[in-house]
Amino acid sequence: FGDNGGGVPVKGASSIHAVGAIAVRCAKEKKSHKAENVAVKADEKAAAGPVTFTLKEVGKPDWGDKPLRITLEAQQDLGAVAGVRFLDAGGKEIESSRAGSMSMSFGDTVQESREYDLAQKVDTVTIEVTYWTDMKTVEVPFDLTVTVGLK
């Protein structure tokens, strides 16, 4: 979008007409990469495919009953990440849920982080990251007229 239209419809208006395009990211193909035997401690680095993550915060979450929260931070856009799984030393998936995320950009600098709550406390973990390999942005045009006001 980018243009705010300048104000509310004039008194007595019966419709609003909007024309534009919505940018949508889409993909069909995925590939997974693993960072194996990662020490579960702050400032540990883990490379899983095209992204290197830093474990920024590790420990018991401030709320909830899960014993471990891991915050993964990357210095790049994570829009191509389709999923993240955590595996124990035996290769068994550790139940986890995404607890939050944060994204900042300034010029060419991008920083994104994602928090995950794990149902098991571990000293080392394998982080499996699945990426969309054919991600593209498609613009979907629209031309919409909606009625306004009460009849």
Side-chain angles (χ1 to χ4, degrees), residues 1-9 16-146:
F1 289 151
D3 187 7
N4 292 333
V8 297
I16 296 175
H17 183 217
V19 177
I22 297 173
V24 179
R25 284 184 176 177
C26 56
K28 294 187 293 186
E29 304 294 325
K30 296 185 232 180
K31 184 173 183 179
S32 296
H33 299 272
K34 292 180 181 178
E36 297 183 353
N37 300 315
V38 178
V40 179
K41 63 180 185 176
D43 297 322
E44 188 72 12
K45 301 241 184 272
V51 177
T52 297
F53 294 94
T54 302
L55 281 68
K56 288 308 282 185
E57 295 180 21
V58 174
K60 173 92 173 103
D62 292 334
W63 61 89
D65 59 353
K66 301 285 191 212
L68 180 61
R69 174 170 289 166
I70 296 175
T71 301
L72 299 177
E73 183 179 276
Q75 302 301 314
Q76 64 191 86
D77 178 23
L78 299 179
V81 173
V84 176
R85 294 185 334 142
F86 298 89
L87 310 173
D88 66 16
K92 183 178 175 195
E93 183 174 1
I94 300 168
E95 179 188 328
S96 65
S97 59
R98 194 158 150 188
S101 62
M102 186 275 306
S103 176
M104 286 189 326
S105 62
F106 184 75
D108 293 336
T109 303
V110 175
Q111 179 181 320
E112 289 200 33
S113 65
R114 296 185 180 180
E115 296 176 331
Y116 296 90
D117 286 346
L118 281 64
Q120 180 182 337
K121 187 171 179 357
V122 290
D123 294 324
T124 61
V125 69
T126 293
I127 303 170
E128 181 183 77
V129 183
T130 303
Y131 298 94
W132 295 107
T133 58
D134 59 344
M135 178 75 68
K136 61 183 176 181
T137 301
V138 176
E139 285 196 8
V140 180
F142 66 87
D143 186 337
L144 180 67
T145 301
V146 295

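- Between atom CH2 of residue Trp132 and atom NZ of residue Lys28 there is a gap of 11.0 Å, rounded to the nearest 0.5 Å.
- For the atom pair OG1 (Thr52) and CD (Gln75), the distance works out to 10.5 Å, reported to the nearest 0.5 Å.
- Residues Arg25 and Gly79 share a closest heavy-atom pair of NH1-CA, 2.8 Å.
- Here the shortest heavy-atom pairing between Leu55 and Ala39 reads CD2-O, 3.8 Å.
- Listed here is the closest heavy atom pair of Pro61 and Lys66: CD-O, 3.2 Å.
- The side chain to side chain contact (heavy atoms under 4.5 Å, CB included) test with Asp88 is passed by exactly one of Thr126, Leu118, Val125, Ile94: Ile94.
- Scanning both residues, Glu44 and Val38, for their nearest heavy atoms gives CG-CG1, 3.9 Å.
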Quiz item: Cys26 and Lys136: side chain to side chain contact (heavy atoms under 4.5 Å, CB included), yes or no, with the steps?
Solution: CA-CA 6 Å; Cys26 56; Lys136 61 183 176 181; 4.1 Å; yes
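- Summarising the geometry, atom OH belonging to Tyr116 is positioned 5.0 Å from atom CZ belonging to Arg98; distances are rounded to the nearest 0.5 Å.
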Quiz item: Could you walk me through whether Lys56 and Asp43 pass the side chain to side chain contact (heavy atoms under 4.5 Å, CB included) check?
Solution: CA-CA 5 Å; Lys56 288 308 282 185; Asp43 297 322; 3.7 Å; yes
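- Side-chain contact check for His33 versus Val129: every heavy-atom pair is 4.5 Å or farther apart.
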Quiz item: Is there a side chain to side chain contact (heavy atoms under 4.5 Å, CB included) between Phe53 and Leu78 once you walk through the steps?
Solution: CA-CA 10 Å; Phe53 294 94; Leu78 299 179; 4.0 Å; yes
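- Side chains of Trp63 and Arg69 form a contact here, defined as non-hydrogen atoms less than 4.5 Å apart.
- Enclosure of atom CG in Asp143 by more than 12 non-hydrogen atoms of other residues, nucleotides or ligands within 6.0 angstrom is indicated.
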Exercise. Show your reasoning for whether side chain to side chain contact (heavy atoms under 4.5 Å, CB included) applies to Gln111 and Met102.
Key: CA-CA 8 Å; Gln111 179 181 320; Met102 186 275 306; 3.8 Å; yes
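- Separating the NZ atom in Lys60 from the CG atom in Leu68 is a distance of 9.5 Å, to the nearest 0.5 Å.
- Going from atom CG of Leu72 over to atom CZ of Arg114 covers 9.0 Å, rounded to the nearest 0.5 Å.
- Side-chain atoms of Asp117 do not come within 3.5 Å of backbone N or O of Ser97 as any donor-acceptor pair.
- A side chain to side chain contact (heavy atoms under 4.5 Å, CB included) with Val40 is found for exactly one of Asp123, Ile127, Val122, namely Val122.
- Smallest separation of non-hydrogen atoms from Ala46 and Ala35: CB-CB, 3.9 Å.
- Residues Lys34 and Leu87 have side chains in contact (heavy-atom distance under 4.5 Å, counting atoms from C-beta outward).
- The OG1 atom of Thr109 lies 9.0 Å from the CE atom of Met104; values are rounded to the nearest 0.5 Å.
- Across every non-hydrogen atom of Tyr131 and Pro50, the tightest pair is CE1-CD, 3.5 Å.
- No more than 12 heavy-atom neighbours from other residues, nucleotides or ligands sit within 6.0 angstrom of NZ on Lys41.
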